[in-house]
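The block underneath contains the structure these notes are about, expressed in structure tokens.
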Amino acid sequence: MKKIILSTAILLALFSCKTETKQTSETTPEVATEEVAEEERTPEQEVAYQIAEASGLDQWDQVSEVQFTFNVDRGEEHYEKSWIWKPKTQNITQMTAQDTITYNRSSVDSTSTAADKGFINDSFWLLAPMHLVWDKESSNLTVQDTATAPISKKQLHKITLTYGDEGGYTPGDAYDFFYDDEFMVREWIFRRGNVSEFSMVTTWDDYEDYNGIKIASDHKTEDKNFRLYFTDIAVKTE
């Protein structure tokens, strides 16, 4: 049986990827449903919407609850947390082997800050394509029509999401999303602090449709020594 523990260094890397975003705009129903009229979108925003819509953005208004378990394997080490998230009320429940914490994102305090950092990180991995639209007020976008994917070496397209230098838990991070002609993300690069060196590069595999929300449940590094994956995924709709 794998040990349910990860080293401090690994955990810091994970929770830097991703714990950044403005507190006022992170995965709230208002931001999730807010749209920019097509004629007012920049070319970069248009690409962002096409990627988010390919993953089910138009169905998000119907989502009442999301459940998932966030897992990380590295060698013989294993780490996991389970979540119940109600987007319309922003009630969050975190379940670990040690305890269960329930809080509301509108009133994060000293007792729930650590759980909230974990939630932002884990839910970002789950629904990162949506954040290209959800986090438009706290980030910038750039698009490259043709780019070589870092792992598969396939010719894909790239959109880069860069967060501002202020606000959130770890400001200034950047994410390079490599997507195909159907606007589905296939690989990505995380760059802490928007530096040129890669902090993490993984695949986006095993997409499944959960009541209209398409989620890639498996992410691996090129050497296969690191795997981040989701189990027990459930998306409930009204």
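One-based numbering along the sequence shown.
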Test side chain to side chain contact (heavy atoms under 4.5 Å, CB included) applied to I92 and R105, step by step:
CA-CA 7 Å; I92 310 291; R105 295 218 67 242; 3.7 Å; yes
Going through the checks in order, is the side chain to side chain contact (heavy atoms under 4.5 Å, CB included) test met by L141 and T160?
CA-CA 6 Å; L141 298 169; T160 298; over 6 Å; no
Verdict with supporting geometry, M95 and I84, side chain to side chain contact (heavy atoms under 4.5 Å, CB included):
CA-CA 8 Å; M95 295 162 286; I84 299 174; 3.7 Å; yes
Step by step, would you call Y79 with D73 a side-chain hydrogen bond (donor to acceptor under 3.5 Å, both in side chains)?
CA-CA 7 Å; Y79 171 83; D73 289 345; over 6 Å; no
Is there a side chain to side chain contact (heavy atoms under 4.5 Å, CB included) between Q90 and S106 once you walk through the steps?
CA-CA 7 Å; Q90 287 301 295; S106 66; 5.8 Å; no
Carefully, step by step, assess Y210 and F230 under the rule ring-ring contact (aromatic ring centres under 6.0 Å, His included).
CA-CA 13 Å; Y210 299 88; F230 296 97; over 10 Å; no
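Under the side chain to side chain contact (heavy atoms under 4.5 Å, CB included) criterion, T69 pairs with N71, E80, S82, T231, D232, not counting sequence neighbours. With sequence neighbours excluded, the residues forming a side chain to side chain contact (heavy atoms under 4.5 Å, CB included) with D145 are H157, listed by chain and number. Contacts of D206 classified as side chain to side chain contact (heavy atoms under 4.5 Å, CB included), with partners at least two apart in sequence or in another chain: S217, D218.
A continuous path of Ile, Leu, Val, Met, Phe, Trp and Tyr side chains, each step under 4.5 Å between heavy atoms, connects Y207 with I215, placing both in one hydrophobic cluster. No continuous path of ILVMFWY side-chain contacts below 4.5 Å connects I151 to V185, so the two sit in separate hydrophobic clusters. Hydrophobic clustering (ILVMFWY, side-chain heavy atoms < 4.5 Å, transitive): F178 and M130 are in distinct clusters. Taking hydrophobic clusters as Ile, Leu, Val, Met, Phe, Trp and Tyr residues chained together by side-chain heavy-atom distances below 4.5 Å, I189 does not share a cluster with V47. Under the 4.5 Å side-chain heavy-atom criterion for Ile, Leu, Val, Met, Phe, Trp and Tyr, Y163 and V195 are members of distinct hydrophobic clusters.
Ion pairing between a basic and an acidic side chain is recognised when a charged N comes within 4.0 Å of a carboxylate O; R186 and D180 show such pairing. In this structure, R191 does not pair ionically with D173, as no charged nitrogen and carboxylate oxygen lie closer than 4.0 Å.
Under a 3.5 Å cut-off, the side chain of Q144 and the backbone N or O of T146 do form a donor-acceptor pair. With K153 contributing its side chain and P150 its backbone, the two residues share a donor-acceptor pair below 3.5 Å. Judged by distance alone, with hydrogens and angles left aside, the side-chain atoms of H219 form no donor-acceptor pair with the main-chain N or O of L228 at under 3.5 Å. When atom types are taken as modelled, the side chain of S112 and the backbone of D109 share a donor-acceptor pair closer than 3.5 angstrom. Checked by atom type and distance alone, the side chain of H78 never pairs as donor or acceptor with a backbone atom of G75 at under 3.5 Å. A donor-acceptor pair under 3.5 Å is absent between the side-chain atoms of E46 and the main chain of P43, judged by distance alone.
Summarising the geometry, atom CG belonging to N211 is positioned 4.0 Å from atom OG1 belonging to T237; distances are rounded to the nearest 0.5 Å.
A donor-acceptor contact closer than 3.5 angstrom is absent between the side chains of S138 and D135. Using modelled atom types and a 3.5 Å distance limit, the side chains of D176 and W188 yield no donor-acceptor pair.
Heavy-atom neighbours of K220 NZ from other residues, nucleotides or ligands within 6.0 Å: above the threshold of 12.
Checked against the 6.0 Å centroid criterion, the rings of W83 and F70 do not qualify as a close aromatic pair. Between H131 and F124, the ring center distance clears the sub-6.0 Å criterion.
A side-chain contact (heavy atoms from CB on, under 4.5 Å) with W85 is found for exactly one of L127, V63, T93, namely L127.
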